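Written below as structure tokens is the structure these notes are about.
No experiment lies behind these values; they were computed from the predicted model shown. Below, each value reflects all heavy atoms present in this structure, side chains not excepted, and no hydrogens, waters or symmetry copies.
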Amino acid sequence: MFYDNDKVNLLIGLLKAYGISDVVLCPGSRNAMIVNNILSDGGFKCYPVTDERSAAFFALGVSYEKGPVAIVVTSGSAVLDVAPAVVEAYYQHRPLVVISADRPQEDIGQNVGQTMRQAGALDNYVRRSVTLTDALGDNMTYHRRLICEALSAATYGEGGPVHINVPLPNATECPQVSNIDIPAGRKVEIIRPTAIPEAVIEELLGKLLDSSRKPLIVIGQTPQPLSTDNMTTLRHAVPVVSEPLSSCSFEPFDGFISTMPDEYLPDFVLYMGGSLVCRSINGRLSSVESLELWRVNADGDFSCPFRHIDKVLACDANELVDKLADKLRQRETPKPSKYKTWWEMAFKEEKRRIMEGVDEYSLTAESTVAYFENQLSDMDYPFHLHYANSTAIRLACRHGEDRYVYCNRGVNGIDGCVSTAVGHAAATDFMVFCVTGDLSFFYDQNALWNQNLGDNLRIIILNDHHGGIFDHVRGLENCDSRYVAGCHNTDARGITTQNDVGYLSAKTIDEMHLGIVRLMTEKTSRPMVLEVFV
């Protein structure tokens, strides 16, 4: 059965026209009309998730595998509960389409239950916000334009979240029919030039290969890994700073950036991608007064943590890396300069320091991640790798083994890291591993309160009973850790039991080794969690 509502059916038709076939559905009464008709249409992959905050991060995880994803929520505070994930999607440039059911205009501000000013509620962190207001009556032509504006904005350039707010009557006031023709959506076609001018490529190569200059390529988080072969080609010619959030071939660098000699700081930077986990590089590059910086961003925006910008290339990072690598292969590799040789030696020394700094006989977060990453190299099945924010992702940047890492680095929050991995696991047949700290896990424990859990999810919790990252913050040594570091005595056994998730724990090095091997190799019909008490 379908509800006979023109706005709802127009929206569904346009979702299909824009290729959005995956929808996360949250329960509610005001959005029941949208939920029912999406389910009745039969053309969507639907995921039921009850907690809206977790559901939105879950949708973010699905988007890693499926591209644009819609999430449907009911009226009232539900739309605010998706805000943390929307902000994350905004800074990660992920195409998340938030569809919120709303009350009729005449109910807004009249003390009617589950009613608030929803129109524009997410304006600061969406690319486009539209409301299919009842004031337009049955003007479907204008409603189509609004929906197309939003869906086009979600998928333009690097992508991003949008909000479509749909005021609706109570479902009991709308007739139901057994069959209905969902209108075939007619999307608005946008033609955009995509070719990078040859002259720009040649100018860029000149700056990168000029023997009198000190060039550096800096790559922040990218929506997908850059080509390993192309990245290797770039590294032969120019120092490249990257992390596992962008590249499957990367060199750890955090340890030497803050203390490196000024003479080896670059005077030209090609910066692409989003944020970096390493903080010290921001201040170091900002301090170079004469720095020339080119920004690569498919949307053409000026965002840059180094406070310099001279030129913006509005193109996809992968496309530019492909073109640069092709051109470099056609040229003779220049003799390494003193500047480039210093960077090569700094990368090698950093890797040596990291390897020597791991105590293999002490159960720490670092020894756990190092062992986990080493064992992953022996796995012969495909997998995706998620790290939560704070200590976990920093350890991935130190011990990663040439593989791409997913992480919510848009705003670097700890909320939703596990939910995002759960969503990714629901959208793929690959194994999905998630390494998280204890606070990140417990804050997001509703990620396991989810009907979409499968046997391809494995979670490692690094539990030191507080926020370990705060141990390194100067000036907080004498502050009560309950208020700063979130000290607790919680473990995950009860949470996993109530959600029918397999549970392993480790309190010794041997137990950690055995637990990781079991996590990677044991055949189960449900997800598994390994909690390591470090």
>> As a quick check of understanding, evaluate side-chain contact (heavy atoms from CB on, under 4.5 Å) for Phe430 and Glu65, giving each step before the final call.
In response: CA-CA 10 Å; Phe430 285 18; Glu65 200 69 24; 5.7 Å; no
Look only at the side chain of [X] and the backbone of [Y], and say whether a donor-acceptor pair between them is shorter than 3.5 Å.
{"X": "His308", "Y": "Val288", "value": "yes"}
{"X": "Ser440", "Y": "Gly437", "value": "no"}
{"X": "Arg458", "Y": "Leu519", "value": "yes"}
{"X": "Asn297", "Y": "Ala317", "value": "no"}

Ring-plane angle category for [X] and [Y], please: parallel below 30°, perpendicular beyond 60°, tilted otherwise.
{"X": "Tyr404", "Y": "Tyr406", "answer": "perpendicular"}
{"X": "His386", "Y": "Tyr64", "answer": "tilted"}
{"X": "Tyr271", "Y": "Phe306", "answer": "perpendicular"}
{"X": "His513", "Y": "Tyr371", "answer": "parallel"}

Does the side chain of [X] pick up a donor-acceptor pair with the side chain of [Y] at under 3.5 Å?
{"X": "Asn446", "Y": "Ser54", "answer": "no"}
{"X": "Asp299", "Y": "Tyr156", "answer": "no"}
{"X": "Asp455", "Y": "Thr524", "answer": "no"}
{"X": "Arg295", "Y": "Ser303", "answer": "yes"}
{"X": "Arg235", "Y": "Ser242", "answer": "yes"}

Could you tell me whether [X] atom [atom1] has more than 12 heavy atoms of other residues or ligands within 6.0 Å of it?
{"X": "Asp429", "atom1": "CG", "answer": "no"}
{"X": "Arg353", "atom1": "CZ", "answer": "yes"}
{"X": "Tyr443", "atom1": "OH", "answer": "no"}
{"X": "Tyr381", "atom1": "OH", "answer": "yes"}
{"X": "Met379", "atom1": "CE", "answer": "yes"}

>> Holding to ring-ring contact (aromatic ring centres under 6.0 Å, His included), I want the full list of residues that pass it with Trp342, two or more places apart in sequence or in another chain.
In response: Phe256, Tyr264
If you compare all heavy atoms of [X] against all heavy atoms of [Y], which two are closest, and at what distance to 0.1 Å?
{"X": "Gly413", "Y": "Asn389", "answer": "O-ND2, 2.8 Å"}
{"X": "Glu88", "Y": "Gly410", "answer": "OE2-N, 2.5 Å"}
{"X": "Ile309", "Y": "Phe302", "answer": "CD1-O, 3.5 Å"}

>> Quick check on salt bridge (Lys or Arg N to Asp or Glu O under 4.0 Å): which of Glu373, Glu251, Glu366, Glu243 does Arg398 satisfy it with?
In response: Glu366
>> Run Asn456 and Thr428 through side-chain contact (heavy atoms from CB on, under 4.5 Å) and show every step you take.
In response: CA-CA 9 Å; Asn456 64 330; Thr428 181; 4.2 Å; yes
